[in-house]
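Structure record follows, encoded as structure tokens.
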Amino acid sequence: MSQDASQPSDTPQDTGTGAQPSGDDTPPWSESGQRARQAPGAGGPGAPPSRKSAWAAGGVTFAGVLMGMNGILHILQGIAAIAKDDVYARVGDYTYRINLTGWGWILVMLGAVTAVTGWGILTREAWARLTGILIAALSIIFQFMFLPYAPLWGLIVIAVDLFVIWALSVYKPDTAHA
């Protein structure tokens, strides 16, 4: 069998299986049989994501869903406070005293902004991460002040908001493929 003059003699002949040459001299596989890593920005797959970044990416999606649901629930909670003052218990002397109708309007507005921000997080809008952190922080403050009216629910929402803040804070979006 004759050998092409352009091919060095130590290169094995193509048997029809395996990867086709890509035009550059770097093989896609290292000598140990593992996939060779490409330099950052080289356009290839690069290193697989770390477990922490995978958790953060999943956490951001979950945070977006939680913010959307939390926003809808804030709106419903606010409507209940506005429509009928019989839904929530009367609180006597409370340091952060606002009438229940006032709390209702605060929760409706916070809920609307939270739901829109949750949608922004799910669609990976650039403004949504920082806005989500700020809205979740405001939600924690308002739920703390609303604790006498709905103590168990307030603690649950505070825990959800803390998770949302964590998930949005640790996530580093992949801007190389955007």
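What you see is a predicted model, and the numbers here were worked out from it, not measured in a lab.
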Legend entry - Which residues share a side chain to side chain contact (heavy atoms under 4.5 Å, CB included) with I75, sequence neighbours left out: I79, A112
Inset, instruction - Give a yes or no on whether V164 and V170 share a hydrophobic cluster (residues Ile, Leu, Val, Met, Phe, Trp, Tyr; joining criterion: side-chain heavy atoms under 4.5 Å apart). - result: yes
Inset, instruction - Check the hydrophobic clustering (I, L, V, M, F, W, Y; side-chain heavy atoms under 4.5 Å; chains of links allowed) and say if V113 and L122 are grouped together. - result: no
Inset, instruction - Check whether V116 and L76 end up in the same hydrophobic cluster, where Ile, Leu, Val, Met, Phe, Trp and Tyr are linked by side-chain heavy atoms less than 4.5 Å apart. - result: no
Inset, instruction - Write down the atom of T101, the atom of I82, and the distance for their closest heavy-atom approach. - result: O-CG1, 4.0 Å
Legend entry - CG on L138 to CD1 on I106, rounded to 0.5 Å: 10.5 Å
Inset, instruction - Enter the distance from F163:CZ to L168:CG here, rounded to the nearest 0.5 Å. - result: 9.0 Å
Legend entry - Side-chain heavy atoms of R124 within contact of T61, under 4.5 Å: yes
Legend entry - Distance in Å, I133 CD1 paired with S169 OG, rounded so as to fall on 0.5 Å steps: 3.5 Å
Inset, instruction - Would you check if F146 and V157 make a side-chain contact, meaning some heavy-atom pair closer than 4.5 Å? - result: no
Legend entry - Gap between atom CH2 of W103 and atom CG of L110 - 0.5 Å precision: 10.0 Å
Inset, instruction - Using the rule that two of Ile, Leu, Val, Met, Phe, Trp, Tyr join whenever any of their side-chain heavy atoms come within less than 4.5 Å, decide whether M67 and V65 are in one cluster. - result: no
Inset, instruction - State, yes or no, whether a side-chain contact exists between L155 and L147 at a heavy-atom distance under 4.5 Å. - result: yes
Inset, instruction - Return the minimal non-hydrogen interatomic distance between S139 and N70, and the atom names on each side. - result: OG-ND2, 4.5 Å
Legend entry - Single-linkage hydrophobic cluster, 4.5 Å side-chain cutoff, W119 and I72 together: no
Inset, instruction - Kindly give the heavy-atom pair with the smallest separation between G120 and A128, and that separation in Å. - result: C-CB, 3.4 Å
Inset, instruction - Would you name the heavy atoms of A63 and A167 that are closest together and state the gap between them? - result: CB-CB, 4.0 Å
Inset, instruction - Any chance you could measure D161, atom CG, to Q143, atom CD, to the nearest 0.5 Å? - result: 7.0 Å
Inset, instruction - Working to the nearest 0.5 Å, report the span between NE2 of H74 and CZ of F142. - result: 9.5 Å
